[in-house]
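Per chain, numbering begins at 1; letters A, B, ... match sequence-line order.
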Amino acid sequence: MQLNRDVLTESYRKMRTIRAFEEKVHDLFETGALPGFVHLYAGEEASAVGVCAHLDDEDRIVSTHRGHGHCIAKGCDVEGMMLELFGRRSGVCGGKGGSMHIADLSKGMMGANAIVGGGPPLACGAALAAKTLKTGKVAVTFTGDGGSNQGTTLESLNLASVWKLPMLFVFENNGYAESTGSGWSVAGGDILRRAHAFDMPGFQVDGFDFFAVHEIAGEAVERARRGEGPTLIEVKFGRFYGHHEGDAQTYRAKGEVERLRADHDCLKNFRQRVTEAALLTGSELDAIDAEVDRAIESAVAVSRKAADPDPAVDLLTDVYIRY
Amino acid sequence: MQLNRDVLTESYRKMRTIRAFEEKVHDLFETGALPGFVHLYAGEEASAVGVCAHLDDEDRIVSTHRGHGHCIAKGCDVEGMMLELFGRRSGVCGGKGGSMHIADLSKGMMGANAIVGGGPPLACGAALAAKTLKTGKVAVTFTGDGGSNQGTTLESLNLASVWKLPMLFVFENNGYAESTGSGWSVAGGDILRRAHAFDMPGFQVDGFDFFAVHEIAGEAVERARRGEGPTLIEVKFGRFYGHHEGDAQTYRAKGEVERLRADHDCLKNFRQRVTEAALLTGSELDAIDAEVDRAIESAVAVSRKAADPDPAVDLLTDVYIRY
Amino acid sequence: MARILTYRDALREALRQAMEEDPTVILMGEDIAGGKGAPGEQDAWGGDMGVTKGLWGQFGDARVIDTPISEASYIGAAVGAATCGLRPVAELMFVDFMGVCFDQLLNQAAKFRYMFGGKAKTPVVIRTQYGAGYRTAAQHSQTLYSMFAHVPGLKVVVPSTAYDAKGLLISAIRDDDPVIFFEHKVLYDEARDDVPEAPYAIPFGEANFVREGDDVTIVALGRMVHFAAKAADVLAKNGVSCELIDPRTISPLDEDSILESVEKTGRLVVVDESYPRCSMAADIAGLVVDKAFHALKAPIRQVTAPHTPVPFAPVLEDAFIPSPAKIEAAVRSVMKGA
Amino acid sequence: MARILTYRDALREALRQAMEEDPTVILMGEDIAGGKGAPGEQDAWGGDMGVTKGLWGQFGDARVIDTPISEASYIGAAVGAATCGLRPVAELMFVDFMGVCFDQLLNQAAKFRYMFGGKAKTPVVIRTQYGAGYRTAAQHSQTLYSMFAHVPGLKVVVPSTAYDAKGLLISAIRDDDPVIFFEHKVLYDEARDDVPEAPYAIPFGEANFVREGDDVTIVALGRMVHFAAKAADVLAKNGVSCELIDPRTISPLDEDSILESVEKTGRLVVVDESYPRCSMAADIAGLVVDKAFHALKAPIRQVTAPHTPVPFAPVLEDAFIPSPAKIEAAVRSVMKGA
Ligand SMILES: Cc1ncc(C[n+]2csc(CCOP(=O)(O)OP(=O)(O)O)c2C)c(N)n1
Ligand SMILES: Cc1ncc(C[n+]2csc(CCOP(=O)(O)OP(=O)(O)O)c2C)c(N)n1
Ligand SMILES: [Mg+2]
Ligand SMILES: [Mg+2]
């Protein structure tokens, strides 16, 4: 499938934004500017962007604890996100959610989720709503290799298949769940096997290759929109940082991360592909890089100065709609 | 595999005991003599007995809400069981458990379980203990078709495979979960698919055929004892009664139960096989029938007269070992 | 002219009317229609207690949705769908099964609105059966609403009558927050009242004064309201005047009504079928000794189940459940001020 | 000569000594060794907070067992193995995750002994992390022990010091009943004491009198014990003498010590990081107004978290957690008798 310029530039911009956002967050965390647990998506950008390129604001996605990339890919405002990570009142969740619970329902982003396996049932619900209300919309649940072993995830595969739900199960297999290897924790070594078990089409794709992810996801989304039920996609790749900030990563092979960054960077691959095929020029991409970096810098500058929530006003609100 | 006389007589005796026990319980329930929810195993005898024939008291089984057959197959005392169903103090669980929680740990029967999907994790634990303590023992978890869709069951398949546990997952697919057809609730229609998904050997077997179950289960138990990990067995058959006593069964096909009883009775099949092969004579089998009926009658007679627990003494005891 | 309905029929009427008035209301649960994928009758069960019987026939597959045995995923699906424009009413057959799906309520439904800065709306109702008296023993007889009341973000409803069951379920379905709706399995048949046919909503957080009295306040929940009324009758004959309050919803709780009553009577007995520790009985006692201490003339007594699982044997189960006699004894003890 | 250990190191020492003294003690959990199936270092994590670090090296794969992310099945496996001759100590990384595995504790471990007529023995320990203060927000910061205390058949331990952490964990592992062991994530580093090297067991159900006093009894749990001590110091300077009691185990609860103290002081403040409804704070208030009513000179105040999820923003989280200042204010209010 030949992608047009707009899709290409938009996709590159989003992947590049995720990368720049995460690298900035990494630096900020090291300086102690950011509280809490932070899990970075750098290296995995092609998955979120390749999938979400097929979705609009009424299509829903459910994310994981590693949710920044999914937010950006789904169109969440980067400044609102950065403000949220700083715990500011003007953050996308008013500072009450933070990195592990970042969400923007207006963009169809139903939330990062700090409970591994918490998301797939919710995505089944989003898909059920689309099916019941006949909106033609779809739902996507992103889950890790570790999360693929959670019972809630597995029974959601069965439920989605039985109910023939318009949804995608995107399993982001980055090789590790915290420090545990997915080759060990996932019986049989690959998540793909589970597609057949629950009677749905399944695919494995190189997660460093935006074009491969984009194509497979596009077909799955179409299938879902046509009412033909769910699809399982196992995206294989690796993360560029630790499980969370502060992870010493001694469980990884020597030079593993360096090799990934050198030879398996979805951004480098993308640049090479589009420039060789003369779809976009290097200077066009450089221009995007510069714009993105400026946007991130300004998001940080705004966030540093922004106001915190006011306990007297904000602590007790938003528990219920009606009290 | 040629079975010797002792195995044959013992297996027939147990299957016949289950049948007689359940038919008696059915009658007693109709007269209002038995309280609570009662789920009968009649028609499924070949599964419990075909599997448990390979186990001794130190091998463990975990059952379901439909547990009477598993108890008898594992060697629990029929009188103690009947007393328990009556809620008597001398019942195998002191009258505190009842039909849905009947257990006898001294026989390696870890309990019926009224939580669908509650058993598989426990069986993983029994298998882990056998592996850790190097006892050479195995664990078996019996689960229904409905229970095969519970997340706790599915993640236990993965855990058992990853840990290479000495255990069997016996899925008793009797076609229904309450009133819901397994062809609908189990994605893809059969549970066998899940064996491959979790990287373990899997088999489907005719549950009306004791010999077929016995053979497959024997190989799986040996594999487990050899330390080669878990096996999934899907036993296909049907129940002779409703989901529980009182179920009108309007969801079943006209004449379905009659056909099962006429053409798919594991006891009739067994009698035919062993008499035709001249392994046992009809009169030998008749003699067992008569003994069994007498045993059940006396269990009922004893249970009718037995004493109830004493609230003043028994209500508050056995919550903890040390208070 | 009276229109007597059982608690079961009142609940079904509430579901039917809510579905008629709002097309986004759907039902889901195990065998709530029944016969799915089976060769015989569809709508064969209507739920294990028959509460939803007939609704599939009226509303069809798209709105009365049977599920595989996968509480975590279908309860979670109800929660997720509620954030996407539906008003799902999911049935958790027995509240004892909460252990396999609690995360979707504890960490998802209850927290969305707060975690997402007030931007989420999750109008989901979980209907569930609770309580002892059915001889279903340890894993099918528990009274677990105290655990749900503990969780900020959930609303918890415990109707005691057919009239309240209908009005509170209609309110629960119209409410924009997650609601856990507790139905006592023994009341499906035992509770019968005059129930108006037209839909009506009973507001949350408004206790019902079942009877007025001067000497002692009794606060009771669910089936215990009926037991407390029995005890109050006996006590009335003996010159002890009890004020009986049924909070009807425990989260939100109508604290003012309870406090006002104790300000008047100076004595309190709380009756709760729960296990005793960290229970609603303790919650209400703790409220009153904080906010109405100076009115108290006697200890606050809690009449609850004992700190044991629910036993199977009928003689044991009957002794497990709080009884009118135990309530009467508790009232007498506080009347003595001892 | 003092031997100062952190709460973390004291817990690790208890695990090591229990494993040395009893070969049937095993550990299981996610990344409790770490690096399983990974190309790099084994024992790479030692648990997400480093409590089990180094134990894999000493005891190996057979006794320090990493798990996939499947809490229901491995917690259930720990429960099942406990009935088959092992003494598993399973780690539930954060108690917030109880929702995916609660059934194995609520309906299995807690009920076996009773359901099976006293014939089962289930010596399993679930170690779990709880509490706010780490900026981990709504799904990783909750204080949920009240829900476990509600369940008959479970024992619940809430150590506040490194000394107690070691002695109570050794008791938990030697105990033949299921024990839920709550470790406050902030205390891993903050709590440090002189901890004897030799193994010692602190019996369950025996409260610790942290300080003696005459005017007010303060009962506090876990991290709140330290906050209450701070408040008591300030109050002492102002002539208010507080008796501070740390129950250490909440099920069983040392009711006698609490009641004796209130009989003496006539005033009670309970400090509990839990959500307020159906909490341990309410439980203890309810106990005292029943059993020590006549000694009470003032309302019983509960200092708890508010009825809201745990917020992320540090300024909000700090306001969420009960503080020494709030405890001090509560004590002053009961001293006024108001
Ligand atoms: C129910 C639950 N169990 C455990 C955890 C702790 N935890 C957070 S992330 C994580 C690893 C997840 O691995 P994976 O699913 O592969 O996602 P990745 O981090 O690799 O993106 C674990 C164990 C959790 N948050 N929730
Ligand atoms: C967690 C849980 N969900 C639902 C139920 C109610 N229930 C009891 S048995 C049953 C059907 C089980 O079907 P299956 O697993 O096929 O076993 P069968 O009854 O056919 O032997 C259901 C839904 C339960 N006991 N536990
Ligand atoms: Mg991973
Ligand atoms: Mg079945």
Side-chain angles (χ1 to χ4, degrees), chain C residues 72 96-108 110-111 113-115 137-139 142 144 146-147 149-153 250-251 253 270 274-294 296 298-302 306-309 311-312 337-338, chain D residues 72 96-108 110-111 113-115 137-139 142 144 146-147 149-153 250-251 253 270 274-294 296 298-302 306-309 311-312 337-338:
Chain C
D96 309 70
F97 311 158
M98 69 179 277
V100 300
C101 60
F102 193 40
D103 181 69
Q104 290 296 324
L105 302 172
L106 169 69
N107 287 322
Q108 312 300 337
K111 294 180 169 46
R113 187 160 184 83
Y114 196 82
M115 286 195 304
Q139 297 174 332
Q142 298 173 90
L144 301 176
S146 305
M147 294 191 181
H150 186 59
V151 181
I250 58 176
S251 184
L253 179 68
V270 191
S274 303
Y275 301 126
R277 304 295 316 282
C278 302
S279 62
M280 272 307 299
D283 184 80
I284 291 169
L287 166 73
V288 170
V289 69
D290 176 4
K291 302 256 175 64
F293 173 76
H294 295 292
L296 283 176
I300 297 174
R301 288 280 135 75
Q302 303 175 35
H307 186 68
T308 77
F312 168 66
Chain D
D96 309 70
F97 310 158
M98 70 178 277
V100 300
C101 61
F102 194 38
D103 181 68
Q104 291 295 324
L105 301 171
L106 169 68
N107 287 322
Q108 314 299 336
K111 294 181 169 45
R113 186 160 185 83
Y114 196 81
M115 287 196 304
Q139 296 175 332
Q142 299 173 89
L144 301 176
S146 305
M147 294 191 182
H150 186 59
V151 181
I250 59 175
S251 184
L253 179 68
V270 190
S274 303
Y275 301 126
R277 304 296 315 283
C278 302
S279 62
M280 272 307 299
D283 184 82
I284 291 168
L287 165 73
V288 170
V289 69
D290 176 5
K291 301 256 176 65
F293 172 75
H294 296 291
L296 283 176
I300 297 174
R301 288 280 135 77
Q302 303 175 36
H307 186 67
T308 78
F312 167 67

Using side-chain heavy atoms (C-beta onward) and a distance below 4.5 Å, is [X] in contact with [Y]?
| X | Y | result |
| --- | --- | --- |
| L296(D) | L296(C) | no |
| P299(C) | K291(D) | no |
| L144(C) | L106(D) | yes |

(request) Please answer whether the main-chain N or O of N107(C) pairs with a side-chain N or O of D96(D) as donor and acceptor at a distance below 3.5 Å. (result) no
(request) Ignoring hydrogens and angles, tell me if any N or O in the side chain of D103(C) forms a donor-acceptor pair with the backbone of G99(D) under 3.5 Å. (result)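 Side chain of D103(C) to backbone of G99(D): no pair is present.
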[X] and [Y]: which non-hydrogen atoms are nearest, and at how many Å?
| X | Y | value |
| --- | --- | --- |
| Q302(C) | L287(D) | NE2-N, 4.5 Å |
| C278(D) | A149(C) | SG-CB, 4.1 Å |
| S251(D) | H307(C) | OG-NE2, 4.0 Å |
| K111(C) | A138(D) | CE-O, 3.2 Å |
| P152(C) | Y275(D) | CG-CD2, 3.3 Å |
| A285(D) | G286(C) | CB-CA, 4.0 Å |

Under 4.5 Å heavy-atom distance to chain C, tell me which part of [X] shows up: side chain, backbone, both or neither.
| X | answer |
| --- | --- |
| V288(D) | neither |
| I284(D) | neither |
| Q142(D) | side chain |

Structural part of [X] lying under 4.5 Å from a heavy atom of chain D:
| X | answer |
| --- | --- |
| F293(C) | side chain |
| M280(C) | both |
| A72(C) | neither |

(request) Between chain D and each of L253(C), T308(C), V270(C), V100(C), count heavy-atom pairs under 4.5 Å; write down the option with the most. (result)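 Going by pairs under 4.5 Å, I would pick T308(C).
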(request) Against chain C, work out which of A292(D), A298(D), P276(D) has the most heavy-atom pairs shorter than 4.5 Å and name it. (result) A298(D)
